[in-house]
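In this text, all values refer to a predicted model and were calculated from it rather than measured experimentally. Every number for a ligand or one of its atoms is a count from 1 in the order of the listing. Scope of the values below: all heavy atoms of this structure, side chains included, with no hydrogens, waters or symmetry mates.
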Amino acid sequence: MDVNVKCEALVNIAPLMDRNGDPVHAHGGHMLCKDGYYYWFGENRRDRRKVSCYRSMDLVNWEWRKDVLTLDSPVKTIYHRTSLELEPRDAENRGFGTGAVIERPKVLYNELTGRFVMWMHWENGRDYSDARCAIADCGTVDGEYVFRGSFNPVGNMSRDCTLFQDDDGTAYFVSAARENADLIMYRLSPDYLSIEEQVKTLWPGQAREAPALMKRHGVYFLISSACTGWLPNQGAYAWAEQLTGRWSPLMPLGDITTYDSQPAFIVPIAGKDNNQCSYLYVGDRWDPTDYYASSYVFLPLSFPSDREMSLDWVDRTWIDPCKGIVAVECGTGSGLFRMKSVGMELYLASGNHSIDPDEVHNLEVRTLSYTDKQQQWRVDYGRDGAARLRNGEMTVAIGSENSLILVPTLDQEDQFLWLLTETEEGSLTIGSRDGRVLTVAGEKRNGWGCVSLEPKHLHDPRLGGDPQLFQLISVR
Ligand code: GAL
């Protein structure tokens with residue numbers, strides 16, 4: 001790292017706190033640069049749904065400004081055919097509000113009208129069946145936004161979304177349509193308050209979510225995730241020379257879980273002193289077992305060529321507001337892994353929370369949790385390339401009647417040694433010395449499943465993932 005760097009580092013540790021010492025609640029968000037500040041808008045699910053706005057000059061220290069849109073915000077129509085019901089009333093619940101869902105708010109400044117315009121995903125609070133976009137606007141960046149209604153753009157479903165402003169001021173809205181099968185791009189009217197035209201369907205049928213767009217050296221890049229709810233998956237990027245022209249196929253971005261994150265937005269950081277622009281990826285690290293423990297991942301994007309994008313893990317990023325991203329640092333890592341079942345979106349875990357070494361710990365699979373230490377494994381390689389799988393002080397072993405248990409031992413006997421064999425796709429089988437492999441068994445119930453030792457079988461790929469395959473993901 002450059003010793004002359006004077007600025008504070010942006011550190012990938014959870015949780016991110018604002019200047020009052022409160023966790024920053026700005027998920028699925030967006031940033032807008034205005035008058036020397038970065039304004040960060042995002043979902044806040046504390047109490048009732050709202051959009052919170054924070055600001056910072058250095059992207060490290062964040063000041064909470066206001067909950068700029070709440071379910072009690074003023075509502076005023078501008079165009080017909082939008083629903084002004086910000087929070088529907090529930091007839092079956094004595095007319096109380098349903099607590100509408102507001103997700104992925106994005107804000108642009110409109111030069112022509114001098115107003116800040118927010119687009120977002122809106123649902124009725126009971127289910128995700130309305131699949132609408134919604135608009136709000138305001139005369140100041142962090143003032144009280146007026147809700148302008150929700151609607152289905154050109155009659156389409158509209159869920160995960162993003163906004164993008166091109167160099168000529170034309171704005172585009174991109175959102176997931178047709179039960180998330182397609183991403184559709186719309187050109188907005190010059191005031192950004194309505195849709196002018198549906199201009200493109202991107203990767204039809206490929207079920208992409210969490211879109212974010214940027215432009216560099218005249219080339220557009222769109223990043224997105226696959227569709228796995230709160231669970232992270234392999235991100236992808238694509239490029240195009242014209243927004244509404246031909247887009248490249250989707251190409252992988254980051255690792256198989258996008259470093260345990262889902263794209264929220266990309267911030268261009270324009271170096272005032274050096275005329276260079278750097279690009280920072282901001283992703284949500286949703287916690288599927290505890291939403292309020294969700295955090296963020298900040299990573300610099302790099303560009304091996306004008307049509308290639310890459311996202312590598314770094315622990316810290318130094319951003320000088322006058323120069324852009326000036327340095328990064330990557331530590332040695334935790335040496336721990338999560339082991340994700342390819343079959344079931346579940347993670348290998350030591351199944352007993354007791355620390356009493358005399359109690360039997362089973363091996364099981366559970367829904368991803370970033371705080372659950374029982375899902376964090378050390379792989380210790382020993383003789384013949386065989387490995388011990390260790391969770392804290394405990395080691396996975398074959399118990400009586402072929403059960404899988406964890407015991408506190410360092411013996412070199414076969415019952416503790418596992419052969420990790422990589423497949424062509426980069427997944428692993430975890431095999432015992434007698435040729436059987438760990439297999440996720442039984443129905444997935446409430447985010448839990450059991451693990452048994454079974455002979456290796458041929459799995460029909462049409463059934464989805466293979467319960468005998470695992471992926472190792474670094475704990476960061
Ligand atoms: C994600 C989506 C999030 C949120 C979540 C709810 O796939 O990107 O914005 O909608 O699903 O399950």
Using 30° and 60° as the class limits, which term best fits the ring planes of Tyr291 and His27: parallel, tilted or perpendicular? perpendicular

Under the side-chain contact (heavy atoms from CB on, under 4.5 Å) test, residues paired with Met251 that sit two or more places apart: Tyr237, Trp239, Ser248

Could you tell me if Gln468 and Thr439 have a donor-acceptor pair between their side chains, going purely by distance under 3.5 Å? yes

For residues 218-229, tabulate all N or O donor-acceptor pairs below 3.5 Å that involve a side-chain atom, not counting sequence neighbours.
| from | atom 1 | to | atom 2 | distance (Å) |
| --- | --- | --- | --- | --- |
| Tyr220 | OH | Asp166 | OD1 | 3.2 |
| Tyr220 | OH | Asp166 | OD2 | 2.5 |
| Tyr220 | OH | Lys215 | NZ | 3.1 |
| Ser224 | OG | Arg208 | NE | 2.9 |
| Ser224 | OG | Arg208 | NH2 | 3.3 |
| Ser225 | OG | Gln262 | NE2 | 3.0 |
| Thr228 | OG1 | Leu231 | O | 2.6 |
| Thr228 | OG1 | Asn233 | ND2 | 2.7 |

Heavy atoms of Lys34 and Tyr109 approach each other most closely as NZ-CE2, 3.6 Å

Report all N/O contacts between ligand 1 and the protein shorter than 3.5 Å as a table of atom names and distances to 0.1 Å; if there are none, say 'none'.
| from | atom 1 | to | atom 2 | distance (Å) |
| --- | --- | --- | --- | --- |
| ligand 1 | 7 (O) | Glu209 | OE1 | 2.4 |
| ligand 1 | 7 (O) | Glu209 | OE2 | 3.3 |
| ligand 1 | 7 (O) | Gly229 | O | 3.2 |
| ligand 1 | 8 (O) | Arg104 | NH2 | 3.0 |
| ligand 1 | 8 (O) | Asp160 | OD1 | 3.4 |
| ligand 1 | 8 (O) | Asp160 | OD2 | 2.5 |
| ligand 1 | 8 (O) | Gln262 | OE1 | 3.2 |
| ligand 1 | 8 (O) | Gln262 | NE2 | 3.0 |
| ligand 1 | 9 (O) | Arg104 | NE | 3.0 |
| ligand 1 | 9 (O) | Arg104 | NH2 | 3.4 |
| ligand 1 | 9 (O) | Asp160 | OD1 | 3.3 |
| ligand 1 | 10 (O) | Glu103 | OE1 | 2.7 |
| ligand 1 | 10 (O) | Glu103 | OE2 | 3.3 |

Suppose we screen for side chain to side chain donor-acceptor pair (under 3.5 Å). Which residues come up paired with Thr140, at least two apart in sequence or across chains? none

